[in-house]
Protein chains: 2
Amino acid sequence: MPQTAQPQSSSLTRADEAFQYLQGAIIQGDLAPGEKIGEVELCERFNLTRGPLREALGRLESRGLLVRKPHAGVKVVSISGDELLELYQIREVMEGLAARQAAERMSESEVADLHRLLDGHERMVAEADGQAYYQAEGDYDFHYCIVTGSRNNKLVQMLLGDLYYLLRLYRCRFSTATGRPRKALKEHRHIADAIAQGDGELAQFLMQRHIRTARDNIESRLQEGLITL
Amino acid sequence: MPQTAQPQSSSLTRADEAFQYLQGAIIQGDLAPGEKIGEVELCERFNLTRGPLREALGRLESRGLLVRKPHAGVKVVSISGDELLELYQIREVMEGLAARQAAERMSESEVADLHRLLDGHERMVAEADGQAYYQAEGDYDFHYCIVTGSRNNKLVQMLLGDLYYLLRLYRCRFSTATGRPRKALKEHRHIADAIAQGDGELAQFLMQRHIRTARDNIESRLQEGLITL
DNA sequence: CAACCACGCTTTGTTGACAATCCAGGCGCA
DNA sequence: TGCGCCTGGATTGTCAACAAAGCGTGGTTG
């Protein structure tokens, strides 16, 4: 599907398209990690020239999804289990902050939305043991809500704009998930309750413990040998 | 290894030069915030063509130092006091984590280096009330040491590669500083002691309080009207 | 037979020109 | 006189070609 026709948003430049497309391709695993990929090949892959492509590449590199050596070419970032655990440690403190600020600043309607979201998740888990969907998307929806609710623009940018893409990359790579949907959902509910009560400290504590639990889960799985690096 | 360190070694490309140069120019304030600056002007400013420049611009944008609207041009990021406070909140939790991990993972020699660094700072403060230098550079040196000591690559990349540049931008803009070198130095020493003893929890707590104090200081100064936005 | 050097090819970095888009100023009309 | 359209200029986005650097290959030599 060559997107030669650009019907609508003229505000979308080719470089932006390439950026989004490449980001998606990397996250979904269409481009293997460590794969040294040439520029011309990418250009032909979705008809554009090297100018916009290089700009997109630069942005991807700055975001940490690509590594590029001066004259050696670009390759998709190779990931390790240790780095994933590092990411979770960072997530722990940052989302803890997000939860605290969300508890302090979320509006009534936002809190209501959050609870509705959890109601939906509850139905999903109850109905069909919908582990797959719940973990893949629902989990992100919940955390997404809280992060945006923190009203901390920089935090939103760092988490939603950068970190989550990396996490998604890992998650898609070795499709490991917590494997504990009900417990996780319960934790989510507790966090939402703390936020609803405006108890920032509690929300922060619960969120940190929630993510730490997930991290421990992943760590033990990694040690068991489910490493797909 | 974060690619943000410095593309030093052999052949640094023109785009990298432009990137570093522009980053420095923005941080030092040679480019006013909110200033809409043309590409050709930048090109002539340090002889290079628009290709590499645009790549550098893209990376600057992705790093948050520039904002660019599709056909409207680029302008240096305009900053607000609120955003600075947000940054400090993020710093609080992230550097808290860094301090904890540094306490757990720093080597003997690194701890010794850290203490030597503080000795130097102590001399500076005692000798000449060297507030200016201590605050401008010494403070960063200390935090830099601890962050790298955390051995958390992602954390290093996010703090040293991104956040600190923004902080420097703010600091240079309204050259506000803590104005409490002795107290800050004492806090630094306590943190270093906690790290030396391997007490991660204490180091984290002290670091968070240290940064929170600095933040409160800035907040009150802002409210007093030292806002240069 | 192995190691080293030189050559050429491939890929990246850079350049200048072309085309699309937006902003400002001026003119016409109500 | 004020509003809106139009045109001109300038700026950004895009392109195709040029130059330099890295790497593999093949030949030569110890």
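In what follows, every chain begins at residue 1, and chains take the letters A, B, ... in the order their sequences are listed.
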note: B:Leu57, atom CG; D:dT12, atom P; distance rounded to Å ~ 9 Å
Which nucleotide sits closest to the side chain of A:His71: C:dT15, C:dT21, D:dG22?
D:dG22
Measure the distance from CD on B:Glu41 to P on D:dT11 and round it to the nearest whole Å.
9 Å
To the nearest Å, how far apart are A:Lys69 NZ and D:dA21 P?
18 Å
What is the nucleic acid contact for A:Gly51, judged by heavy atoms within less than 4.0 Å: base, sugar-phosphate only, or nothing?
nothing
Report the distance from atom CD of A:Glu44 to atom P of C:dT11, rounded to the nearest whole Å.
10 Å
What is the distance from CD of B:Glu39 to P of C:dT15, rounded to the nearest Å?
14 Å
side-chain contact (heavy atoms from CB on, under 4.5 Å), paired with A:Tyr170, selected from A:Ile27, A:Ile218, A:Leu84:
A:Leu84
Return whichever of A:Ala15 or A:Ala72 has its heavy-atom-nearest nucleotide of DNA chain D closer to the 5' end.
A:Ala15
Of the nucleotides D:dT12, C:dT15, C:dG13, which one has an atom closest to the side chain of B:Arg50?
D:dT12
The single option from B:Gln101, B:Glu110, B:Glu104 that satisfies side chain to side chain donor-acceptor pair (under 3.5 Å) with B:Arg151 is B:Glu110
Below 4.5 Å, heavy atoms only, C-beta onward: do A:His143 and A:His210 meet side chain to side chain?
yes
Rounding to an integer number of Å, can you tell me how far B:Lys36 NZ sits from D:dA10 C1'?
11 Å
Just how far is it from atom CD of B:Glu219 to atom CZ of B:Arg215, taken to the nearest 0.5 Å?
4.5 Å
For a quick test of reading the model: is some side-chain N or O of B:Thr13 closer than 4.0 Å to OP1 or OP2 of C:dT14?
yes
Less than 3.5 Å between a donor and an acceptor, one on the side chain of B:Arg54 and one on the base of D:dG13, is that the case here?
no
Measure CD1/B:Ile37 against P/D:dT11 and give the value in whole Å, please.
12 Å
Can you tell me the distance, in whole Å, between the CG atom of A:Leu53 and the P atom of C:dT14?
15 Å
Let me confirm one number: the CG-CG distance from A:Asn152 to B:Asp82, rounded to the nearest 0.5 Å.
10.0 Å
